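The next block holds one structure in the form of structure tokens; read it before the comments.
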Amino acid sequence: QVQLVESGGGLVQAGGSLRLSCAASGRTYRGLTMGWFRQAPGKEREFVAAISWGGDVTSVADSVKGRWTISRDNAKNMVYLQMNSLKPEDTAVYLCAAGWVVGRASGDYRNWGQGTQVTVSS
């Protein structure tokens with residue numbers, strides 16, 4: 001079992017930046033793909049980005065490509081989402097997830113964090 005705890009969310013003006021962090025714990029963390037999803041009120045959960053265990057394979061949603069970067073530090077059991085050029089439509093709860101494939105579907109991930117709120121003001 002893997003436990004995931006997100007941090008780094010907050011309120012930021014449009015055009016600003018935030019870095020989200022996800023701390024993973026548990027004996028089965030090794031080898032897992034890590035992903036970020038987001039969910040805005042009244043909307044379905046949306047894929048944001050994912051990264052393989054070795055960091056050599058990444059997948060990023062078109063809506064954030066060129067603005068955001070996913071990375072990980074396996075020595076620290078940490079995954080990061082660097083979010084630049086934030087827009088009001090990026091406002092959502094951001095969730096960290098762990099799975100076995102670099103997929104874009106929620107069903108590709110078996111463990112989820114509680115989420116961290118990101119609010120972008122115009």
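Just so you know, these numbers come straight off a predicted model, no measurement behind them.
- The side-chain heavy atoms of Met83 and Leu20, taken from C-beta on, include a pair separated by under 4.5 Å.
- Panel note: side chain Arg104, backbone Val60; a donor-acceptor pair is recorded below 3.5 Å.
- We find the CZ-OG1 distance between Arg38 and Thr116 to be 14.0 Å, quoted to the nearest 0.5 Å.
- In this structure, CH2 on Trp112 lies 4.5 Å from CZ on Arg45, to the nearest 0.5 angstrom.
- Across every non-hydrogen atom of Leu81 and Ala49, the tightest pair is CD1-CB, 4.3 Å.
- Side-chain atoms of Glu89 and Ser63, non-hydrogen and from C-beta on, never get closer than 4.5 Å to each other.
- Val64 and Leu18 fall within a single hydrophobic cluster, where Ile, Leu, Val, Met, Phe, Trp and Tyr are joined by side-chain heavy atoms under 4.5 Å apart, directly or via other members.
- Closest heavy-atom contact between Tyr109 and Gly103: OH-O, 2.7 Å.
- Between Ile70 and Tyr80, the closest side-chain pair of non-hydrogen atoms is not below 4.5 Å.
- Here the straight-line distance linking atom CZ of Arg72 with atom OG1 of Thr33 works out to 7.0 Å at 0.5 Å rounding.
- Looking at Glu6, its side chain does come within 3.5 Å of a backbone N or O of Gln114 through a donor-acceptor pair.
- Counting heavy atoms from C-beta outward, Thr91 and Gln117 have side chains that approach closer than 4.5 Å.
- Smallest separation of non-hydrogen atoms from Ser17 and Ser85: OG-N, 4.3 Å.
- Both Val48 and Leu86 are part of a single hydrophobic cluster, where members link through side-chain heavy atoms under 4.5 Å apart.
- Not a single donor-acceptor pair under 3.5 Å links the side chain of Gln13 to the backbone N or O of Ser121.
- The shortest side-chain heavy-atom distance between Trp68 and Trp36 does not fall under the 4.5 Å cut-off.
- By the rule that hydrophobic residues join a cluster once side-chain heavy atoms approach within less than 4.5 Å of another member, Tyr94 and Val2 end up as members of one cluster.
- Under the 4.5 Å side-chain criterion, counting only non-hydrogen atoms from C-beta, Leu4 is in contact with Met34.
- Within the 4.5 Å cutoff, no side-chain heavy atoms of Ser71 are placed close to those of Gln82.
- Residues Thr119 and Leu11 have side chains in contact (heavy-atom distance under 4.5 Å, counting atoms from C-beta outward).
- Phe47 and Leu32 fall into different hydrophobic clusters, where Ile, Leu, Val, Met, Phe, Trp and Tyr residues are linked whenever their side-chain heavy atoms come under 4.5 Å apart, directly or through other members.
- Although no hydrogens or angles enter the test, the distance criterion places a donor-acceptor pair under 3.5 Å between the side chain of Asn74 and the main chain of Trp53.
- Nearest heavy atoms, Ala14 versus Ser122: CB-CA, 4.4 Å.
- Within 6.0 Å of the CZ atom in Arg110, the count of heavy atoms belonging to other residues, nucleotides or ligands exceeds 12.
- The residues Lys87 and Asp90 are annotated as not salt-bridged, no charged nitrogen and carboxylate oxygen being separated by less than 4.0 angstrom.
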